[in-house]
Amino acid sequence: MTIRLLHQTDLFRPYADPDDHWDLACVYALAASGQLELGGVLVDFPPDEYPGRSPDVTGIAQLSYLTGLPTHMAVGSSVPYTHDRASLAALPRRDRAGAEFLLDYLRGSQGPAYVSIVGSCRDLAIAAKLDPDLFRNKCAGIYLNAGTGHPDIAKQGGTEYNVGLNAAAYAATFEIPCPIYWMPCFETVINEYLDRKVQQFGTFYCFKQGDVLLKLSPVLQSYFTYCLEGRTDARYLQPLLAPRTDVSSYRTIQEYRGMWCTAGFFHMVSQAVDRAGKIIAVSNADDAVFGFRPVDIKCDPNGVTTWTNAGAESNRFLFEVKDPDSYASAMTVAMATLLGNIQ
């Protein structure tokens with residue numbers, strides 16, 4: 001049966017971090033190649049720390065045009081998650097829209113329905129609180145990109161960014177009655193912006209943008225250029241029809257980009273990546289640079305997460321880098337291959 005995905009993201013214009021635009025392109029590339037059906041894109045309400053940002057409707061519309069796929073999107077709640085179900089049910093309609101969008105997606109899914117979280121867990125937690133049985137019966141899995149994964153809680157460091165957006169919602173996610181594929185952004189957070197490196201229990205890797213951009217179709221290059229140059233004009237179609245470059249494009253090519261979520265997209269469609277960057281079947285686990293192990297997970301109300309190994313019966317899984325030396329280069333090559341599906 002067709003795999004379906006609802007992709008939740010903190011995708012803004014101007015961007016807060018362009019990794020979200022790379023992630024969105026990967027999701028659309030999977031949909032364009034027929035490997036999954038994109039059931040919708042749910043965009044976070046912009047946090048106060050990023051004034052002047054709006055959900056990037058134009059970026060979604062650009063990829064919808066390039067792939068010929070319809071646009072289904074909603075904007076998330078401006079109100080933080082609370083455990084009080086009555087308060088959630090009483091939210092204004094605009095602040096329930098994201099959660100209802102997610103619930104409608106699950107209700108309408110006939111086959112495996114997945115959710116990827118690459119920003120706040122707020123709307124997911126609201127939706128699950130309103131209808132937990134729907135997740136139990138219809139959600140094939142949640143790919144949760146947030147948190148720190150070191151097995152020793154004392155060594156995890158500070159609060160990872162996505163967790164800090166709504167820690168109570170992050171904690172509530174682990175209570176949702178469906179499989180959860182936990183993808184900690186880092187193993188430890190000492191200085192999230194300076195101390196970035198590949199670690200066993202963290203998804204982070206880094207690549208030089210030119211190593212991928214120059215291999216992409218001209219129209220997809222234009223999608224990225226429009227984002228990376230920080231352009232905010234609403235005429236989103238013209239840049240795709242008449243690509244242009246300017247002096248800032250040189251910086252675009254030379255910049256390095258941190259990434260976190262790529263492995264989950266491959267795993268969702270039963271794929272993995274080998275040391276050379278070749279996309280392989282997930283059944284060839286011995287050759288893969290990443291994998292998931294069954295675990296038991298506990299998370300306190302402040303978003304501090306601990307885990308222990310579990311048996312095969314567990315429906316909680318932890319991301320693991322299996323080849324730290326090859327992981328970054330392999331994921332970069334595989335991502336370039338995947339994005340080649342958008343012409």
Engineer: Is a donor from one side chain sitting under 3.5 angstrom from an acceptor on the other, for Q200 and E187?
Structural biologist: no
Engineer: Whether the T262 and Y205 side chains hold a donor-acceptor pair (N or O, under 3.5 Å, no angle test) is what I'd like checked.
Structural biologist: yes
Engineer: Check for a donor-acceptor pair, side chain of S217 on one end and backbone N or O of I342 on the other, with a separation under 3.5 Å.
Structural biologist: yes
Engineer: Check this for me: Y236, atom OH, are more than 12 non-hydrogen atoms of other residues, nucleotides or ligands nearer than 6.0 Å?
Structural biologist: no
Engineer: Any luck finding a side-chain donor-acceptor pair between Q254 and Q209 under 3.5 Å?
Structural biologist: no
Engineer: Please give me the minimum heavy-atom distance between W260 and M183, naming the atom from each residue.
Structural biologist: O-CE, 4.2 Å
Engineer: CZ of R107: more than 12 outside heavy atoms within 6.0 angstrom?
Structural biologist: yes
Engineer: Taking atom CE of M268 and atom OG of S116, what is their separation to the nearest 0.5 Å?
Structural biologist: 5.0 Å
Engineer: Got a second to check how far F224's CZ is from E229's CD, nearest 0.5 Å?
Structural biologist: 13.5 Å
Engineer: Can you tell me how far CG of L165 sits from CZ of R122, rounded to the nearest 0.5 angstrom?
Structural biologist: 7.5 Å
Engineer: How many angstroms lie between atom CG of L144 and atom CG of N162, to the nearest 0.5 angstrom?
Structural biologist: 8.5 Å
Engineer: Check this for me: does any side-chain nitrogen of one of K208 and D211 sit under 4.0 Å from a carboxylate oxygen of the other?
Structural biologist: no
Engineer: Kindly indicate, with the supporting measurements, whether the criterion ring pair (Phe, Tyr, Trp, His ring centres under 6.0 Å) is fulfilled by F174 and W307.
Structural biologist: CA-CA 11 Å; F174 290 102; W307 62 270; over 10 Å; no
Engineer: Taking atom types as modelled, is there a side-chain donor on Y143 or H267 under 3.5 Å from an acceptor on the other?
Structural biologist: yes
Engineer: So, for W22 and F207, is the gap between ring centers shorter than 6.0 Å?
Structural biologist: yes
Engineer: Could you verify whether a donor N or O on one side chain and an acceptor N or O on the other, from Y170 and T305, lie under 3.5 Å apart?
Structural biologist: yes
Engineer: I need the single residue from K322, M331, E320 that forms a side-chain contact (heavy atoms from CB on, under 4.5 Å) with F290. Which is it?
Structural biologist: M331
Engineer: With no hydrogens and no angle check, just 3.5 Å: does a side-chain donor-acceptor pair link Q199 and T188?
Structural biologist: yes
Engineer: Taking NZ, NE, NH1 and NH2 as the nitrogens, is one of them in E255 or R257 under 4.0 Å from a carboxylate oxygen of the other?
Structural biologist: yes
Engineer: Ring centroid separation for H7 and Y105, is it under 6.0 angstrom?
Structural biologist: no
Engineer: Checking side-chain polar atoms at under 3.5 Å, does R13 have a donor or acceptor matched by the opposite partner on T58?
Structural biologist: yes
Engineer: Just do the ring pair (Phe, Tyr, Trp, His ring centres under 6.0 Å) check on W182 and F292 with the steps written out, would you?
Structural biologist: CA-CA 9 Å; W182 180 34; F292 286 84; over 10 Å; no
Engineer: Quick one: pull up CZ in R96 and CD1 in I126 and give me the separation to the nearest 0.5 Å.
Structural biologist: 9.0 Å
Engineer: Check whether the side chains of D44 and S120 place a donor and an acceptor atom closer than 3.5 Å, and report yes or no.
Structural biologist: no
Engineer: With rounding to the nearest 0.5 angstrom, report the CG to OG distance, L91 to S77.
Structural biologist: 5.5 Å
Engineer: Have a look at K129 and tell me which of L88, I176, T82, L124 forms a side-chain contact (heavy atoms from CB on, under 4.5 Å) with it.
Structural biologist: L88
